Chemist: 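One structure is given below, represented as structure tokens, and several questions about it will come after.
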Amino acid sequence: ATGGFSGPSDIKNNTAQTTQTQAGGFSGPNVSETTVAKALDMADDSWVILRGNIVKQLDRKHYEFTDGTGTMTIEISDKRWNGLNLTPKDKVEIRGEIDKDWNSKKVEVKQINIIK
């Protein structure tokens, strides 16, 4: 199965990446859903759940994500797409880990789902 993001991109000659289909996981209530504004203040390695939209592709695996409270970079490796094809209009839920570097902060996405 293939999946990925279809929308604005800063990459020249953007090509779709092939991913493997995977299934499984937990579906139920959680206490760690947060906002981009709060996630930007969280510590490195904190786990977050964000709901919003991927608005732009920055490079091969980095994207701009917004939820109305702010914007931040998210990193989605090829294996995390699980056959999803998204556009900026699709509202998604991402689950991942805050990755803080010297002068930047992003979410390393471990799971992504379309919210219907």
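Numbering of residues begins at 1 and proceeds along the displayed sequence. Here the structure is a predicted model, which is why all the values come from computation and not from measurement.
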Chemist: Tell me, please, which residues at least two apart from Asp59 pass side chain to side chain donor-acceptor pair (under 3.5 Å).
Modeler: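 Residues passing side chain to side chain donor-acceptor pair (under 3.5 Å) with Asp59: His62.
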
Chemist: Please enumerate all residues that pass side chain to side chain donor-acceptor pair (under 3.5 Å) together with Lys110, with sequence neighbours excluded.
Modeler: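 Lys110 satisfies side chain to side chain donor-acceptor pair (under 3.5 Å) with Glu108 only.
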
Chemist: Taking only residues two or more places apart in sequence or in another chain, which ones pass side chain to side chain contact (heavy atoms under 4.5 Å, CB included) with Thr87?
Modeler: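 With neighbours one apart ignored, the set is Ser6, Lys89, Asp90.
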
Chemist: Could you check Ile94 against Ile49 for side chain to side chain contact (heavy atoms under 4.5 Å, CB included), going step by step and ending with a plain yes or no?
Modeler: CA-CA 6 Å; Ile94 61 171; Ile49 297 174; over 6 Å; no

Chemist: Would you please test Leu84 and Ile114 for side chain to side chain contact (heavy atoms under 4.5 Å, CB included) and show each step?
Modeler: CA-CA 8 Å; Leu84 286 178; Ile114 294 176; 3.9 Å; yes

Chemist: Which residues satisfy the side chain to side chain donor-acceptor pair (under 3.5 Å) test with Asp67, sequence neighbours excluded?
Modeler: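 Asp67: side chain to side chain donor-acceptor pair (under 3.5 Å) contacts with Thr69.
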
Chemist: Please check if the side chain of Thr66 supplies one atom and the backbone of Gly70 the other of a donor-acceptor pair under 3.5 Å.
Modeler: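 Present.
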
Chemist: Apply the test side chain to side chain contact (heavy atoms under 4.5 Å, CB included) to residues Asp78 and Arg60: give CA-CA distance (whole Å), side-chain angles for both, the deciding distance (0.1 Å), then the verdict.
Modeler: CA-CA 9 Å; Asp78 294 342; Arg60 192 177 66 77; 3.3 Å; yes

Chemist: Only counting residues at least two apart or in another chain, list the ones meeting salt bridge (Lys or Arg N to Asp or Glu O under 4.0 Å) with Glu75.
Modeler: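 If we apply the salt bridge (Lys or Arg N to Asp or Glu O under 4.0 Å) test to Glu75, skipping adjacent residues, the hits are Lys61, Lys106.
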
Chemist: Can you list the residues that meet the salt bridge (Lys or Arg N to Asp or Glu O under 4.0 Å) rule with Glu97, with sequence neighbours excluded?
Modeler: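 Testing Glu97 for salt bridge (Lys or Arg N to Asp or Glu O under 4.0 Å), a comparison that skips the adjacent residues, returns none.
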
Chemist: Side-chain heavy atoms under 4.5 angstrom apart, residues restricted to Ile, Leu, Val, Met, Phe, Trp, Tyr: same cluster for Phe5 and Val55?
Modeler: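 They do not share one cluster, since no chain of ILVMFWY contacts under 4.5 Å joins Phe5 to Val55.
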
Chemist: Over all heavy atoms of both residues, which pair between Val109 and Gln111 is shortest? Give the atoms and the distance, please.
Modeler: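 Shortest heavy-atom separation between Val109 and Gln111 comes out as CG1-O, 3.4 Å.
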
Chemist: Could you work out, with salt bridge (Lys or Arg N to Asp or Glu O under 4.0 Å) as the rule, every residue matching Lys105, not counting sequence neighbours?
Modeler: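 By the salt bridge (Lys or Arg N to Asp or Glu O under 4.0 Å) rule, Lys105 matches no residue at all.
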
Chemist: Evaluate the side-chain proximity of Ile112 to Leu86: yes if any heavy-atom separation is below 4.5 Å, no if none is.
Modeler: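 When only atoms from C-beta onward are counted, Ile112 and Leu86 do touch, with a gap below 4.5 Å.
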
Chemist: Locate the shortest heavy-atom distance separating Ser46 from Ala43; write the atom from each residue and the value.
Modeler: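 Taking every non-hydrogen atom into account, OG-O, 2.8 Å.
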
Chemist: Taking side chain to side chain contact (heavy atoms under 4.5 Å, CB included) as the test, write out the residues that go with Asp44, two or more places apart.
Modeler: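 Applying side chain to side chain contact (heavy atoms under 4.5 Å, CB included) to Asp44 gives Asp99, Lys100.
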
Chemist: Between Asp45 and Ile98, does a side chain to side chain contact (heavy atoms under 4.5 Å, CB included) hold up when you go through it step by step?
Modeler: CA-CA 5 Å; Asp45 299 328; Ile98 298 288; over 6 Å; no

Chemist: What closest approach, in Å, do Lys38 and Thr34 show between heavy atoms, and which atom pair accounts for it?
Modeler: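 Closest heavy-atom pair between Lys38 and Thr34: CB-OG1, 3.2 Å.
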
Chemist: Does Leu50 share a hydrophobic cluster with Leu58, counting links as ILVMFWY side-chain heavy atoms below 4.5 Å and allowing steps through other members?
Modeler: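 Result: no, two separate clusters.
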
Chemist: For the atom pair NZ (Lys56) and OG1 (Thr71), what is the distance rounded to the nearest 0.5 Å?
Modeler: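 One gets 10.5 Å once the value is rounded to the nearest 0.5 Å.
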
Chemist: Would a 4.5 Å heavy-atom cut-off, applied to side chains only, mark Ile76 and Tyr63 as touching?
Modeler: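 Heavy-atom side-chain distance check passes, below 4.5 Å.
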
Chemist: List the residues meeting ring-ring contact (aromatic ring centres under 6.0 Å, His included) with Phe65, not counting sequence neighbours, and say none if there are none.
Modeler: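 Testing Phe65 for ring-ring contact (aromatic ring centres under 6.0 Å, His included), a comparison that skips the adjacent residues, returns none.
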
Chemist: With sequence neighbours left out, write down each residue that passes side chain to side chain contact (heavy atoms under 4.5 Å, CB included) with Leu40, or none if nothing qualifies.
Modeler: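 Scan of Leu40 (side chain to side chain contact (heavy atoms under 4.5 Å, CB included), adjacent residues dropped) gives Val36, Met72.
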
